[in-house]
Structures are given as C-alpha cells and as structure tokens.
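Residue numbers start from 1 in every chain, and the chains themselves are labelled A, B, ... in the order their sequence lines are given, proteins ahead of strands.
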Number of protein chains: 2
Amino acid sequence: MRKPIRRVSPIGVRCVAEDAVKPMRADARRNRERILTTAREAFAEHGVEVPLDDIARRARVGPGTLYRHFPNRDALVEAVYREEIGALSARAYALVEELPPEEALAAWFREQVGWVRDSSGLAMTLKAAIDRDSETFAFCKKQLREAVAALLEPARAAGAVRANLEPSDLLRLGHGVATACEHADGEGIERLLSVVLAGLRP
Amino acid sequence: MRKPIRRVSPIGVRCVAEDAVKPMRADARRNRERILTTAREAFAEHGVEVPLDDIARRARVGPGTLYRHFPNRDALVEAVYREEIGALSARAYALVEELPPEEALAAWFREQVGWVRDSSGLAMTLKAAIDRDSETFAFCKKQLREAVAALLEPARAAGAVRANLEPSDLLRLGHGVATACEHADGEGIERLLSVVLAGLRP
DNA sequence: GCGCATCCGGAGACCTTCTCCATATGCTAG
DNA sequence: CTAGCATATGGAGAAGGTCTCCGGATGCGC
C-alpha cells in the first residue's frame, strides 16, 4: 500500500525571489507564467482537483513541461496561492505610498474583502487545499501579517485607529466580512465595510 | 474539463441511528463494519488518500462491496469521522453516569487530548479532509458540543468550574493541549493537563 | 551563424476509480 | 427444514488521471 504524497512544499517550488538568483530562459519563464495563470483560472472554475493534463492543454504546454515546473498538484496549488498572497501584500505597500494612512488602510481592507470573494472563493479553496504545516502556509501568513503591519503602524501613529489592533485582527475581520457577505449585494457589502471601518477608529 | 466531486455528504452516508430504521442483513452489516475499521487503520497509517481498492482488499471485500456501502472516498472519510466523534461523545455521557461531575469532566478532557493524539493525529487528518460546509461537519460539531455541555452543566452546578466556560472553550483547549504536546512525553503531557484542569476551577 | 546546454512535449506505462452483471447468500414463509 | 426470492457480493475490465522518458526543438552566448 503506497503512502500518499506528504503535503509539504517540495524544494523545487520556486519563490519569486529565486528568479533573481538564476535567470530563466525566456521561453521557460513564459511557459511557467502561462501555467500559473491557467491553473489559477482552472482552480477558480473547477476546484483544485481539476486534471493537471487539462491545465497543461489549456496552457498550451505538454504535460512534461508542466511537471518540469511543478512536480505535483500540491506544488502548483502552493505556487498559485503564493502569487495571490504576494499580489495582495504588494497592494498594501503600494497603498502606503499613495494615500494617507487611514485611507490606505481602508482601501486595502476593501481589497482584501474583494479578494476573498473573488473568483468564487478561490482564495479559500486554495487555502483549504494547502497543508497547514507547510513552508508555503507559514511564509504566506508571515507575508500578509507584515504587509498589514506596514499599513497599521502609520495609521496608529496618526491616531487614526485604536491602539490595540494587531495585523491578525484585520485579517480575521476581512475574512469574516467576506464570509458574512457571501450572498450580499454591493450595497450590503458597503454597509458592512463602513461599519467595520468605523469600528477601527479610536 | 470535468468538475471534481463536490465535498458534500451524499445522501447514502448512513448514520448509526439509521440502523434502527431498516435492519441490515448480517453479512452486509459485518462487511460495512469491517470496511470502517480497516479504513480507520489505513487512514491512520497512510493518510486519507490511500487507494480505496487497497482498503477493500485489506477488509477482504470486493471493490463493488466497498462502493455499495460508500459511494466515494469522501463518504468513507465522513463515516469514519462520525464514528470517531460518536465514540468520543458517548464517553462523555458514560462518564457523567459513573463519576462525580468534576472528575467526569477531568476524565473526559484527558480522553479528548488522548483522542486527538491517537493514531498519529488521525482525528485532525480526517477533520482536515472534510468539507466545512458538509452535513457531517455540522452534525459532529453539534454532537460534541452537546456531549461537553452534558459534562459542563453538572460541574458548573456543583461549583467545580468557573461559570463562564462554554463547551467550545473546552474543545479548543483540548485541541491546543494536544497540539502543544505533540512531541511531549507522558510526564510533560500530565503537567500540562493538570495546569489546564486547575485553571478550570472557579 | 554555430554549437551546446536547456527546454519542450507527447506517447505510453502505470495506477486508481468505479461499474456491471453473473453468482452467492441471508432470511422468511410454508 | 427446505425452497425461493430479494439482496449482497466481487472482480474483470473500462475509463480517466498521473507522471516519466528521451528524441527533437530552441534560446542564447561566443
């Protein structure tokens, strides 16, 4: 009886930072990015159990190419999740640069709620599929917390939010609002958002 | 591109209570029980992705028989989980009958911690594999809470525990202790247990 | 422009899921 | 106690998915 594949991040899973270490051939990079984009769409439409050969076909690569970049399903799921978390985190740093602290925090919070709701709950689908003990899970959690801290600290310094808020509080609130708004329309979502954002004030 | 099987409890998953409604043939009942026992062992040893034909082979039934009782992997996982939760819950009611309230609560708490640690974390493995929106998940959560309430209420009435404890508090504490004790020996576990149990007192 | 290291891709081996239907058997009625 | 029938079994095999191997393709540096 075979032992199923343990859900840990294989060494082969590349982080974005790794690209800086060893330049990838242009065709290899293009294929990898196309695979990730296609996988994201396929996971959103059909769940994480969609056949990998189907993803390869949609991405117009051979199965050998897909498996060369991502040795198994878990690796692909984790890579897509890392991209999702990376993009959401990057938004925090961008908003800090563009807006006053309170507005930046509010804008990011709205984006987080939108992100959780996006593509029929892709974020939660991916998160549920990832081993809680994996490097990817720990890495993403840390990344998000640091991004939210980058928003919270200026807002706190400006006296715009209550002093006892932690980054994890905001993340839980965002998840809660998104879940509560599962069947809400735009106005309903906006009401809940304004309630929560008002509640953040000192 | 095919849509993967949605993780919801199929109607065909039998609850223990159903057996009272429609008597099963003796050979069918024996087979079903043997499949469940074997599945529990296989999931503990190899995870929930162990091939179902292997479980059938170990249980000495044909694949057709296994699929007659459990239409797919999720049904089997949920059935095993229901049995686990059923047994743990039943212990609460039994202990209430056998012991004074405070001792019953302490004894059950120890059993819960032991249960979480049992068979290399089988309980968590199964729980992680079950859809959070499923009937099984909701049913088991309710069952556990009611069982713990049956322990808490007499203990509270006897003044043996602080008044503000909820069943879910105890369940979370048990999970936390089991997790904290992942690599602890018997003495270490006992120390943590005694700390937490002392903390329950008013 | 050439050469070489790297990348690609897809046929096919292997594994798992799951069904169909001929055979087996539990259990009730006579 | 036996026969008959409704229910249960089981396993060969069809179908689908995973994943590898290696000949051919191509990016890129010199």
Side-chain angles (χ1 to χ4, degrees), chain A residues 1-7 10-14 18-19 21-36 38-39 42-43 45-79 129, chain B residues 1-7 10-14 18-19 21-36 38-39 42-43 45-79 129:
Chain A
M1 194 180 291
R2 74 154 177 99
K3 197 180 184 82
I5 295 166
R6 181 75 164 93
R7 277 163 170 247
I11 293 169
V13 172
R14 301 172 66 94
E18 283 184 32
D19 291 338
V21 170
K22 185 170 181 298
M24 193 182 277
R25 254 170 65 165
D27 58 342
R29 176 179 292 106
R30 277 200 306 278
N31 281 338
R32 183 175 192 276
E33 283 165 14
R34 202 159 66 252
I35 291 166
L36 281 172
T38 309
F43 291 155
E45 282 175 56
H46 305 284
V48 297
E49 288 168 26
V50 69
L52 297 188
D53 280 23
D54 283 354
I55 293 176
R57 198 171 301 120
R58 273 175 71 167
R60 297 185 187 292
V61 297
T65 302
L66 187 148
Y67 282 95
R68 190 171 186 286
H69 288 286
F70 306 98
N72 53 48
R73 180 182 302 277
D74 291 339
L76 185 53
V77 167
E78 290 185 20
Chain B
M1 194 178 290
R2 78 161 174 92
K3 198 180 186 78
I5 296 164
R6 180 75 163 93
R7 278 165 170 244
I11 294 169
V13 170
R14 299 174 67 93
E18 283 183 34
D19 291 337
V21 170
K22 185 169 183 297
M24 193 182 277
R25 253 168 67 166
D27 56 342
R29 177 180 290 105
R30 275 199 308 277
N31 281 338
R32 184 174 190 277
E33 284 166 13
R34 202 159 67 252
I35 291 166
L36 280 172
T38 307
F43 291 156
E45 282 175 54
H46 305 284
V48 297
E49 290 169 24
V50 70
L52 297 187
D53 281 24
D54 282 355
I55 293 176
R57 196 173 302 122
R58 273 173 73 167
R60 297 184 185 290
V61 297
T65 301
L66 187 147
Y67 281 94
R68 191 170 187 285
H69 289 283
F70 305 99
N72 53 48
R73 180 182 301 277
D74 290 339
L76 185 53
V77 167
E78 290 185 20

OP1, OP2 of D:dA8 versus side-chain N and O of B:H69: anything below 4.0 Å? no
From CG of A:D54 across to P of D:dC19 the rounded distance in Å is 14 Å
B:R68 CZ - C:dG26 P separation (whole Å): 14 Å
Over how many whole Å does the gap from B:R60 atom CZ to D:dG11 atom C1' extend? 16 Å
Where A:L66 and A:L52 come nearest, the two heavy atoms and their spacing: CD1-O, 3.6 Å
Can you find a pair of side-chain heavy atoms, one from A:F70 and one from A:V77, that are under 4.5 Å apart? no
Phosphate contact (D:dA8 OP1 or OP2) by B:N31 side-chain N/O below 4.0 Å: no
Calculate the interatomic distance between B:I55 atom CD1 and C:dC18 atom C1'; express it in whole Å. 14 Å
Considering all heavy atoms, the nearest B:L36-B:A79 contact: CD2-CB, 3.7 Å
Rounding to a whole Å, what distance do you find between A:H46:NE2 and D:dG17:C1'? 16 Å
What is the distance, rounded to the nearest whole Å, between atom CG of B:L52 and atom C1' of D:dG10? 16 Å
Taking the side chain of B:Y67 as heavy atoms from C-beta outward, which of C:dT19, D:dC19, C:dT16 is closest to it? C:dT19
Atom-pair distance (CZ on A:R73; P on C:dT16), nearest Å: 15 Å
Residue pair B:N31 / B:H69: nearest heavy atoms and the distance that separates them: CB-NE2, 4.3 Å
Do the side chains of B:Y67 and B:L76 get nearer than 4.5 Å, heavy atoms only? no
Can you measure B:L66 atom CG to C:dT16 atom C1' for me and round it to whole angstrom units? 13 Å
Mind listing the closest non-hydrogen atom pair of B:T38 and B:R34 along with its distance? OG1-O, 2.7 Å
Taking OP1 and OP2 of D:dC19, is either one under 4.0 Å from a side-chain nitrogen or oxygen of A:N72? no
Using a cutoff of under 3.5 Å, can you pull out all pairs of nitrogen or oxygen atoms linking the protein to nucleotides 10-14 of chain C, with atom names and distances?
unit_1	atom_1	unit_2	atom_2	d
C:dG10	O6	A:G64	N	3.3

Please report the closest heavy-atom contact between B:R32 and B:M24, naming both atoms and the distance. CD-CE, 4.0 Å
